[in-house]
Amino acid sequence: MDGTITKEAIFKPENIVYKKTSLMTDNILSYCPGCGHGTAHRLIMEVIDEMGLESETIGIAPVGCSVLAYEFMNVDMQQAAHGRAPAHATAIKRLMPHKTVFAYQGDGDLAAIGTAETIHACNRGENFTTFFINNGIYGMTGGQMAPTTLPGMKSSTSPYGRDLKSMGHPIKMTELVAQLPGTYYVTRQAVHTPAAVRKAKKAIRKAIEIQQMNVGLSFVEIVSNCNSGWKMAPVQSNHWMEENMFPFYPLGDIKVDGKLIEKK
Amino acid sequence: MAKVKGDIVVDTEKCKGCEVCIDACPTHTIAMSEDVNGKGYHYMQNIYDACTGCTNCAIVCPDGVITVYRIKV
Amino acid sequence: MEKELRLMKGNEAFAEAVIRAGADGYFGYPITPQSEVMEYLMAQKPEEQTGMIVLQAESEVASINMLYGGAGCGKRVLTSSSSPGISLMQEGLSYLAGAELPCLIMNAARGGPGLGTIQPGQADYFQSVKGGGHGDYRIIVIAPASVQEMYDSAKIGFDLAFKYRTPVLVLTDGATGQMMEKVYIGEQHPRLTEEEIKEKYPWATTGKSGGRERNIITSLDLDPYRHERHNIKLQEKYKTIEENEVVFEEINIEDADYAIVAYGTTSRICQKTMQLAREKGIKLGIFRLISLWPFPKKEIRELSKKVKGILCVEMSAGQMIEDVRLNSVDGAHIQHYGRMGGVIPSPTEIFDFFEKNYIKD
């Protein structure tokens, strides 16, 4: 029976069940093969598209691998100095409260050089959404140790592994901002499997919906891979992430409706 | 039970051959091409014709290169 | 209509002026000697009058990047600070210049270096007019010398900023910021509506409505040839500004044998010095810089040909004097007199120096 179905019969516009959103440009992504940035970009743009917010959205690209996010996200975008995306987002949202504003930041940008801006935007309860891509490394500059690099994890500036005594501990920024009264929704997601992608997309949608409620900052961490920085094949890096990153950075909601989730 | 048949169209020039989709495919219908694209990457293909149009490959594809079709048969 | 007259501090006059100039947002961090700006704005609650936003940021670094965010949306945004805070903002200023964004910054300068002092200084001249941050860029710098000029600088500054899509710095000091004088208050200019911004500033990131392509505000370009073209465009813009926006004041220069070149607070003090000289029959005039960048190159050259000597008076070790020398004819007699570390020179000490070095020998 299957043999009777021709390719022509299937490849008709009415049979499309998944197609890249037009809010992703046709530019070839500058990310390495298998990098979660591309998936995260696409999910955010799918949500903006599905919610009909294309003409009302302003995004902010950070410094880091996603410095060129504005080349790929087909909405109005600003490119911020290293770590300062929350300052941009604060001003934009305060000056145009009816717009949808998001800051897209990596771990070096958000959790090292931009810590003050992150904490204070969260603490003021600014009504924008932060997307925090945590891959535990500085990808763009070539795999240096990040504030989120795991204990013992090797990087180009911790070649013998992160020594906690001399290099300090990895910072759990998402748990930290969840403690602040200004955040309303704080969650940690991943985008490496179909199931994770579906959950992450729901979380992104929820974050944008919360922004429209004007109740405080919505913060979505996406734990992602950096196969180049970790020096692994893409699929291998996703498995390594499950085994090593997730135990330290457990997935799931941390704060919902302004209340911290009780850990059982 | 209604059966479904799916298929995919791959923007082969944008595929970077990361194989994340292969890991995500429940029917193991996709595999890497022997050929390479303009950037020198092997690209993914629906080789074994067992696609159900579940979209798993497309939604995990970091480069958004996959369009998925599905019909009821 | 009769203009409203008030007695105000320079800092307060500036704060009132930005509301009246139709500013959309102020983002700042407290620092002496200019904290009155944010205090005044917070007390006035402009959000209830004009819709203007006032936000106390977590740092000067955050403030300047808030300006980038707001300016990128075509909004009239400003900050104010003093020397150490302005130093922190230099990175952001470079980004704003690179991305060609308009904004207004006020520096009530104090004595440096480092934490320095809270008393007035003019040692931020180099930082203000030579770039300050990284890369080839300039910003327009205007130097008020009275409370009225502090007031006027807000509207003038915003207009220049949007005319050229560039940051504009109002460089004053603790003295002009803190002193009280009468000031005429101008009319209230309305803030632009979103529709007006979209029409006037089509580059702004206001959301890509109306079927247009997305707008991108960035200072990054990884293609060096394209980025060089961007730099050339910036330099052409700076040339246009130099040709059109030089502002200065000449006081008794027509018959002068000698001239003092100064700006801001010191230019006021030197008016008394000029009086002392004229009482003794010495024809001393004052060339007061109002735009520090663009610098009045041609006018200083002409001045250097005309007078027997030029005295540069600054509350610094001698910074502006470098531009005066650079633009004067060879062999011109040019000297510096200045005090540092927050000390304000007196008219008589300036006169004594002038008389000793220009008249007696």
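Each chain gets a letter, A, B and so on, in the order the sequences are listed, and its residues count up from 1. What you are looking at is a predicted structure, and each value in this text was computed from that prediction instead of being measured.
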Just by distance, do the side chain of C:Arg214 and the backbone of A:Met73 share a donor-acceptor pair under 3.5 Å?
yes
Using a heavy-atom distance cut-off of less than 4.5 Å, which residues of residues 73-96 of chain C contact chain A?
C:Cys73, C:Lys75, C:Val77, C:Glu91, C:Tyr95
Is C:Ile64 in contact with chain A via its backbone, its side chain, both, or neither, using a 4.5 Å heavy-atom distance?
neither
If I measure from the heavy atoms of chain A, does C:Ala204 come under 4.5 Å with its side chain, its backbone, both, or neither?
backbone
Answer key: most heavy-atom pairs under 4.5 Å with chain C among A:Glu117, A:Lys93, A:Glu56, A:Glu71 is A:Glu117
Can you confirm whether C:Tyr29 is buried at OH, in the sense that more than 12 heavy atoms of other residues, nucleotides or ligands lie under 6.0 Å from that atom?
no
Take atom CD in C:Gln235; do more than 12 heavy atoms of anything else shown fall under 6.0 Å from it?
yes
Give me each pair satisfying side-chain hydrogen bond (donor to acceptor under 3.5 Å, both in side chains) with a member in residues 52-67 of chain C, each pair once, sequence neighbours excluded.
A:Arg124-C:Glu58
Would you mind checking which part of A:Thr25 comes under 4.5 Å of any heavy atom in chain C, side chain (CB onward), backbone (N, CA, C, O), both or neither?
side chain
Given side chain to side chain contact (heavy atoms under 4.5 Å, CB included), test A:Leu68 with C:Leu220 step by step and report yes or no.
CA-CA 9 Å; A:Leu68 291 172; C:Leu220 173 75; 3.6 Å; yes
NZ-CG distance between C:Lys208 and A:Leu23, expressed to the nearest 0.5 angstrom:
6.0 Å
Taking A:Asp76 for its side chain and C:Asn215 for its backbone only, find out whether a donor-acceptor pair lies under 3.5 Å.
yes
From the list A:Lys99, A:His88, A:Gln78, side chain to side chain donor-acceptor pair (under 3.5 Å) partner of C:Thr205 resolves to A:Gln78
Structural part of C:Ile216 lying under 4.5 Å from a heavy atom of chain A:
both
A:Lys19, NZ: over 12 other non-hydrogen atoms inside 6.0 angstrom:
no
Is chain C contacted by the side chain of A:Thr90, its backbone, both, or neither, given a heavy-atom distance below 4.5 Å?
side chain
Tell me the closest heavy-atom pair linking A:Ala87 and C:Ala62, and the distance in Å.
CB-O, 3.6 Å
Compare every heavy atom of C:Val61 with every heavy atom of A:Arg84, then report the nearest pair and how far apart it is.
NE-CG1, 3.2 Å
Would one find more than 12 heavy atoms of other residues, nucleotides or ligands at under 6.0 Å from atom NZ of C:Lys130?
yes
Of A:Leu53, A:Leu95, A:Asn123, the largest count of non-hydrogen pairs under 4.5 angstrom with chain C goes to A:Leu95
Do you know which two heavy atoms are closest between C:Gly70 and A:Ala91, and how far apart they sit?
N-CB, 3.9 Å
If you count the non-hydrogen atoms of other residues, nucleotides and ligands that lie under 6.0 Å from CD in A:Glu209, is the total more than 12?
yes
Name the option with the most non-hydrogen atom pairs under 4.5 Å to chain C; the candidates are A:Ala121, A:Gly114, A:Ser55, A:Ala80.
A:Ser55
